[in-house]
Visitor: 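Below: one structure in structure tokens.
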Amino acid sequence: MGKRVALVLAGCGVYDGSEIHEASAALVHLSRGGAEVKIFAPNIEQRDVVNHLKGSPAEEKRNVLVESARLARGNIQDLAELKASEFDAVIFPGGFGVAKNLCSWAVDGKNCTVNEHVNSTLQAFHSAKKPIGLCCISPVLAAKVFPGCEVTVGQDTNVDGRFPDAETASAIAELGCKHICKNVNESHVDKANKIVTTCAFMCKAPLHEIFDGIGTMVQEVLKLA
């Protein structure tokens with residue numbers, strides 16, 4: 001019987017929601033791994049809406065759950081309804097929506113607050129010793145909720161211009177967590193906390209390398225589940 005995995009989204013689109021390629025990659029690797037997946041998102045208003053063609057703010061309002069339903073092909077539930085007891089693992093793709101909608105990292109950095117349902121979901125899986133997979137910027141959720149944990153967002157310096165957000169690693173360290181430097185096609189496993197992370201689009205890399213890195217994260221999550 002396949003592992004039961006919850007996938008948590010933050011909207012639809014890299015600049016104000018979940019990164020679409022990351023969400024799709026996670027779903028493909030979970031499917032290949034024989035997992036049974038259910039998708040969730042918080043039923044809240046987005047922090048902002050970005051015109052992805054122009055890269056500028058749009059004067060409108062959107063709902064995170066409604067927008068996430070685009071990625072889920074309509075098959076999605078309110079995050080408030082997620083019960084950790086019904087799943088073997090949880091995975092959070094990245095995208096700026098994580099830093100805007102699931103928490104306030106985009107504005108407040110290490111002083112951010114985490115959405116109550118995101119926080120309770122993370123705490124429930126952690127307490128049950130069930131694995132948590134995070135990619136791109138989403139490892140900051142673990143860094144904020146679980147002081148002392150180990151995560152990766154890639155490198156802690158902007159190696160060859162490929163890691164423009166390398167300062168995120170320093171902010172993670174300031175939260176009392178350990179940042180582990182990894183390449184884009186790798187993931188890190190914090191065995192003590194059962195947290196698996198990979199940098200994905202925190203690195204400027206070809207899409208297939210990002211896809212492969214997310215694959216290693218999914219594989220490790222399924223092994224731990």
Visitor: Could you check if a side-chain atom of L9 sits within less than 4.5 angstrom of a side-chain atom of P93, using non-hydrogen atoms only?
Guide: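 In contact.
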Visitor: In plain terms, say whether E60 and R62 are close enough for a salt bridge, that is, a side-chain N and a carboxylate O under 4.0 Å apart.
Guide: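 Yes, E60 and R62 are salt-bridged.
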Visitor: Do S68 side-chain atoms and V64 backbone N/O form a donor-acceptor pair below 3.5 Å?
Guide: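 Such a contact is found between S68 side chain and V64 backbone.
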Visitor: About how many Å separate CD of Q219 and CG of L30, when rounded to the nearest 0.5 Å?
Guide: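 Separation between the atoms: 10.5 Å.
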Visitor: Please find the pair of heavy atoms, one from P139 and one from L134, that lie closest to each other, and give the distance.
Guide: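 Closest approach of P139 to L134: N-CB, 3.8 Å.
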Visitor: Please find the pair of heavy atoms, one from V14 and one from H52, that lie closest to each other, and give the distance.
Guide: N-NE2, 3.3 Å
Visitor: Can you name the residues that form a side chain to side chain donor-acceptor pair (under 3.5 Å) with D88, not counting sequence neighbours?
Guide: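 Checked D88 against side chain to side chain donor-acceptor pair (under 3.5 Å); matches are R4.
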Visitor: Would you say that H21 contacts F201 through its side chain, given a criterion of any heavy-atom pair below 4.5 Å between the two side chains?
Guide: yes
Visitor: V118, W105: one ILVMFWY side-chain cluster at the under-4.5 Å cut-off?
Guide: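 In one cluster: yes.
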Visitor: Report yes or no: do S187 and T216 form a side-chain donor-acceptor pair below 3.5 Å?
Guide: yes
Visitor: Kindly give the heavy-atom pair with the smallest separation between C181 and Q155, and that separation in Å.
Guide: CB-OE1, 3.5 Å
Visitor: Go through the structure and list residues passing side chain to side chain donor-acceptor pair (under 3.5 Å) with K144, not counting sequence neighbours.
Guide: none
Visitor: Kindly indicate whether the side chain of V145, heavy atoms from C-beta on, has any atom under 4.5 Å from the side chain of V114.
Guide: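 When only atoms from C-beta onward are counted, V114 and V145 do touch, with a gap below 4.5 Å.
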Visitor: Work out which heavy atom in C136 is nearest to a heavy atom in G94; give both atom names and the distance.
Guide: CB-CA, 3.7 Å
Visitor: Looking at side-chain heavy atoms only, is the closest gap between L141 and C103 below 4.5 Å?
Guide: yes
Visitor: Hey, quick one: are L53 and V50 part of the same hydrophobic cluster, counting side-chain heavy atoms closer than 4.5 Å, chains of contacts allowed?
Guide: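 Different clusters: L53 never reaches V50 through Ile, Leu, Val, Met, Phe, Trp or Tyr contacts under 4.5 Å.
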Visitor: What about F125 and V140, same hydrophobic cluster or not, with Ile/Leu/Val/Met/Phe/Trp/Tyr joined at side-chain heavy-atom distances under 4.5 Å?
Guide: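 Yes.
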Visitor: Considering only heavy atoms from C-beta outward, does the side chain of I172 approach that of V153 to under 4.5 Å?
Guide: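 Yes, side chains in contact.
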Visitor: Any chance you could lay out the side chain to side chain contact (heavy atoms under 4.5 Å, CB included) test for K38 and Q77, step after step, and finish with the verdict?
Guide: CA-CA 8 Å; K38 290 189 178 180; Q77 294 173 260; 4.0 Å; yes
Visitor: Name all pairs fulfilling the ring-ring contact (aromatic ring centres under 6.0 Å, His included) condition that reach into residues 139-194, sequence neighbours left out, sorted by first residue then second.
Guide: H126-F146
Visitor: Which heavy atom of A200 sits nearest to which heavy atom of V184, and what is that distance?
Guide: O-CG2, 3.7 Å
Visitor: Working to the nearest 0.5 Å, report the span between CG of L175 and OG of S170.
Guide: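 So the CG of L175 and the OG of S170 are separated by 11.0 Å.
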Visitor: Under 4.0 Å between a side-chain nitrogen and a carboxylate oxygen: does that hold for K100 and D48?
Guide: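 Judged by the 4.0 Å cut-off on N to carboxylate O distance, K100 and D48 do form a salt bridge.
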Visitor: Any chance you could lay out the side chain to side chain contact (heavy atoms under 4.5 Å, CB included) test for L79 and L65, step after step, and finish with the verdict?
Guide: CA-CA 9 Å; L79 183 59; L65 179 59; over 6 Å; no
Visitor: In terms of hydrophobic clusters joined by side-chain contacts under 4.5 Å, are V218 and V189 together?
Guide: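 They do share one cluster, since a chain of ILVMFWY contacts under 4.5 Å joins V218 to V189.
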Visitor: Does some side-chain heavy atom of I91 sit less than 4.5 Å from a side-chain heavy atom of V8?
Guide: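 When only atoms from C-beta onward are counted, I91 and V8 do not touch, as no gap falls below 4.5 Å.
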Visitor: Looking at residues at least two apart in the chain, or sitting in another chain, which of them share a side chain to side chain donor-acceptor pair (under 3.5 Å) with D190?
Guide: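 Testing D190 for side chain to side chain donor-acceptor pair (under 3.5 Å), a comparison that skips the adjacent residues, returns N193.
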Visitor: Drop me the distance from K223's NZ to K194's NZ, to the nearest 0.5 angstrom.
Guide: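 Answer rounded to 0.5 Å: 14.0 Å.
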Visitor: Quick one: CG on L71 to CG on L7, what's the gap to the nearest 0.5 Å?
Guide: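 Going from CG on L71 over to CG on L7, the span is 9.0 Å.
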Visitor: Tell me every residue that passes ring-ring contact (aromatic ring centres under 6.0 Å, His included) with F96, counting only those two or more places apart in sequence or in another chain.
Guide: none
Visitor: With rounding to the nearest 0.5 Å, note down the distance linking NZ in K191 to CD in E220.
Guide: 8.5 Å
Visitor: Using side chain to side chain contact (heavy atoms under 4.5 Å, CB included) as the criterion, point out the one residue from T198, V196, T197 that pairs with C135.
Guide: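 The single option meeting the side chain to side chain contact (heavy atoms under 4.5 Å, CB included) with C135 is T198.
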Visitor: Are the side chain of N101 and the backbone N or O of R47 linked by a donor-acceptor pair below 3.5 Å?
Guide: yes
Visitor: Rounded to the nearest 0.5 Å, what separation is found between the CD1 atom of I132 and the OG1 atom of T121?
Guide: 9.5 Å
Visitor: Closest approach of C199 and G154, non-hydrogen atoms and distance?
Guide: CB-N, 3.3 Å
Visitor: Is it possible for you to say whether F87 and V5 belong to one hydrophobic cluster, with membership spreading through side-chain heavy-atom contacts below 4.5 Å?
Guide: no
Visitor: Sub-3.5 Å donor-acceptor pair from the side chain of H29 to the main-chain atoms of F211, do we have one?
Guide: yes
Visitor: Hey, does the side chain of N183 reach the backbone of N185 with a donor-acceptor pair shorter than 3.5 angstrom?
Guide: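 No, the answer is negative, given that no donor and acceptor are paired below the 3.5 Å cut-off.
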Visitor: Got L27 and S31 here, is their nearest side-chain heavy-atom distance under 4.5 Å?
Guide: no
Visitor: Is the closest side-chain heavy-atom distance between I137 and F92 below 4.5 Å?
Guide: no
Visitor: Using side chain to side chain donor-acceptor pair (under 3.5 Å) as the criterion, list what pairs up with N43, not counting sequence neighbours.
Guide: N63
Visitor: Can you check whether T113's main-chain N or O pairs, donor with acceptor, with S104's side chain at less than 3.5 Å?
Guide: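 Indeed, once roles are kept as given, a pair shorter than 3.5 Å links the two residues.
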Visitor: Give a yes or no on whether the backbone of K54 and the side-chain of N51 come within a donor-acceptor separation of less than 3.5 Å.
Guide: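 Such a contact is found between N51 side chain and K54 backbone.
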